[in-house]
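We're numbering straight along the sequence, starting at 1. Treat the numbers as computed from the prediction; the structure is a model and nothing was measured. What you see below is based on every heavy atom in this structure, not just the backbone, and it leaves out hydrogens, waters and symmetry mates.
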Amino acid sequence: YADYDLVIVGSGFFGLTIAERVASELDKRVLVLERRSHLGGNAYSEREPETGIEVHRYGAHLFHTSNARVWEYCNRFTAFTGYQHRVFAKVADQVYAFPMNLALINQFFGRSYSPSEARALIAEQAGEIDTKDAKNLEEKGISLVGRPLYEAFVKGYTAKQWQTDPTQLDASIISRLPVRYTFDNRYFNDTFEGLPVDGYTAWLERMADHPNIEVRTEVDYFDVRDQIPTGTPTVYTGPLDAYFGNSEGALSWRTLDFEQEIVDTPDFQGAPVINYNDEDVPFTRILEFRHFHPERAYSTDKTVIVREFSRFAEPGDEPYYPVNTPDDRAKLLRYRELARKETANANVLFGGRLGTYQYLDMHMAIGSALSMFDNRIAPYFTDGRALA
Ligand code: FAD
Ligand code: NA
């Protein structure tokens, strides 16, 4: 472990962006340690062997950004398809175009509304409760979109996501519920969007493909930490609380369970993602992976679907979404102070979604790694500045 200029813990987009920049821009030797059996973090995907269909192992990953620098950087390692994400919502035996938009309103209320008629209808229904008086998530939802849309599209889905009745959830969990008074149901509003032409794993592997970068999988940093010379510059992208042995208490996360099924049909649902908003259906959505790549010549006799279930993470589960209760936020402040000292005393920087306890989209993880490289790591190696 003495042969490396920099150690990176975790091979997700954050860690690999740092590794790539340090290896190619600074010509320094980088060791990436990865606990899992593969690189790539949660963006990892693989071909399901029976069908050849690319499956995103840790949930559907859609790439989108309005950051031109991040887009240009990503395009060095992969080309993107013209994929545009759209989501549908199944409620009581109907499928609606989502997010809530004019098509959904017309279908749900059973007649055609012009944009201004629909706006007036929803404003009237939302008038039942003033948003500033909402005492819980349910009241907040009703105050924003009215009771009928709330009960059909928000209530059951939210209850399943949080395993909690929305009347028991904090109103602050939702700040807005977008309703579009047009027929536009494109999910993202970003300037750039697409999926990597030959898959996420090919993209991630190209980032790591440099003679100065060594990736070791199936190595847990905490098992080898005492073999790494003290003071070796380190970028840690694992869970923040785990780094400090949970000294301030465990930060809470939601996790997902995925149930994959290969179905003998050319097309199961006609779309990549259908949400199941009804509370009596136990899963929150079904992903059908062939539809992410309509341009590929996948065989048509079978399809791969994944049912997604949401719950609170327990020790040992994959942490996916920060819960971020007031208690978590208090712990986070204490961990941030410990992290600041660790950077100053031991040259360890903390980054990525786990290392900062923040939900980060891929473009945000990459953008934040590029900033860490520019502001902390490059000055350290080129000008001898402190990492802290
Ligand atoms: P990660 O990808 O989580 O990488 C961290 C790595 O560190 C992991 O590989 C982990 O195994 C490793 N590690 C942790 N502890 C140790 C240790 N002690 N020793 C060694 N290795 C360790 N983003 C989008 O832009 N679009 C999407 O549609 C999208 N969908 C998502 C869906 C889900 C369910 C989730 C959870 C995330 C989604 N994201 C999406 C976010 C995307 O996954 C993240 O932006 C990206 O993973 C961030 O990369 P990262 O490097 O910070 O973390
Ligand atoms: Na209101």
Side-chain angles (χ1 to χ4, degrees), residues 6-23 30-47 54-65 67 70 73-74 76-78 80 195-196 198-210 213-224 234-243 251 253-258 287 289 292 306 308 313 316-322 348-373 377:
L6 178 71
V7 170
I8 298 175
V9 182
S11 63
F13 270 119
F14 194 97
L16 289 183
T17 299
I18 300 279
E20 189 283 329
R21 293 286 71 205
V22 170
V30 182
L31 174 64
V32 181
L33 301 176
E34 173 53 57
R35 176 162 71 180
R36 289 176 177 162
S37 61
H38 59 77
L39 61 59
N42 277 11
Y44 174 77
S45 70
E46 61 194 352
R47 281 174 175 270
E54 181 183 352
V55 173
H56 305 165
R57 262 304 138 224
Y58 305 93
H61 275 66
L62 296 315
F63 189 81
H64 56 95
T65 186
N67 182 326
V70 167
Y73 179 71
C74 296
R76 297 182 199 175
F77 310 101
T78 185
F80 288 88
L195 290 174
D198 46 7
Y200 279 98
T201 296
W203 170 10
L204 292 152
E205 279 173 350
R206 270 181 228 122
M207 291 181 76
D209 182 18
H210 191 285
I213 301 177
E214 183 182 335
V215 180
R216 288 193 205 160
T217 53
E218 293 182 45
V219 178
D220 190 316
Y221 172 65
F222 298 115
D223 293 340
V224 301
T234 300
V235 174
Y236 175 84
T237 74
L240 183 59
D241 51 5
Y243 185 92
L251 295 165
W253 293 82
R254 281 191 300 124
T255 193
L256 298 173
D257 296 313
F258 301 112
L287 315 175
F289 278 98
F292 288 116
V306 173
E308 210 175 282
D317 286 329
E318 289 292 345
Y320 281 150
Y321 301 106
V348 179
L349 291 167
F350 295 81
R353 57 177 206 98
L354 300 168
T356 58
Y357 189 65
Q358 256 186 312
Y359 178 81
L360 297 176
D361 271 328
M362 294 178 277
H363 67 280
M364 297 160 85
I366 293 164
S368 130
L370 291 173
S371 302
M372 181 185 276
F373 174 79
I377 296 174

Say you draw a straight line from [atom1] of [X] to [atom2] of [Y]; how long is it, rounded to the nearest 0.5 Å?
X	Y	atom1	atom2	value
M364	Y359	CE	OH	8.5 Å
D317	L256	CG	CG	10.5 Å
H56	E46	NE2	CD	11.0 Å
R353	L240	CZ	CG	13.0 Å
M207	T17	CE	OG1	3.5 Å
I377	S371	CD1	OG	11.0 Å

Heavy-atom distance under 4.5 Å between the side chains of [X] and [Y], does that happen here?
X	Y	value
R206	D198	yes
E20	L16	no
L251	P239	no
P196	F77	no
N67	Y73	no

N/O donor-acceptor pair under 3.5 Å between [X] side chain and [Y] backbone:
X	Y	value
N42	Y58	no
R254	Y321	no
T234	Y236	no
T237	V9	yes
D220	F222	yes

Could you report the tightest heavy-atom contact between [X] and [Y], atom names first, then the distance?
X	Y	result
E54	S45	OE2-OG, 2.6 Å
S368	F14	OG-CE1, 3.0 Å
I8	G15	CD1-O, 3.5 Å
M372	V235	SD-CG1, 4.3 Å
G355	F350	O-CB, 3.8 Å
A208	L39	CB-CD2, 3.9 Å

Next item on the list: Quickly, which of F292, F80, F13, Y200 forms a ring pair (Phe, Tyr, Trp, His ring centres under 6.0 Å) with F63? Name it, please.
Entry: F80
Notebook entry, point to check: Under a 4.0 Å N-O cut-off, is there an ion pair linking R36 with E318?
Noted result: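 Answer for the salt bridge query: yes.
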Notebook entry, point to check: Which word best sums up how the rings of Y320 and F258 line up, parallel for under 30°, tilted for 30 to 60°, or perpendicular for over 60°?
Noted result: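 Judged by the thresholds at 30° and 60°, the geometry between Y320 and F258 is tilted.
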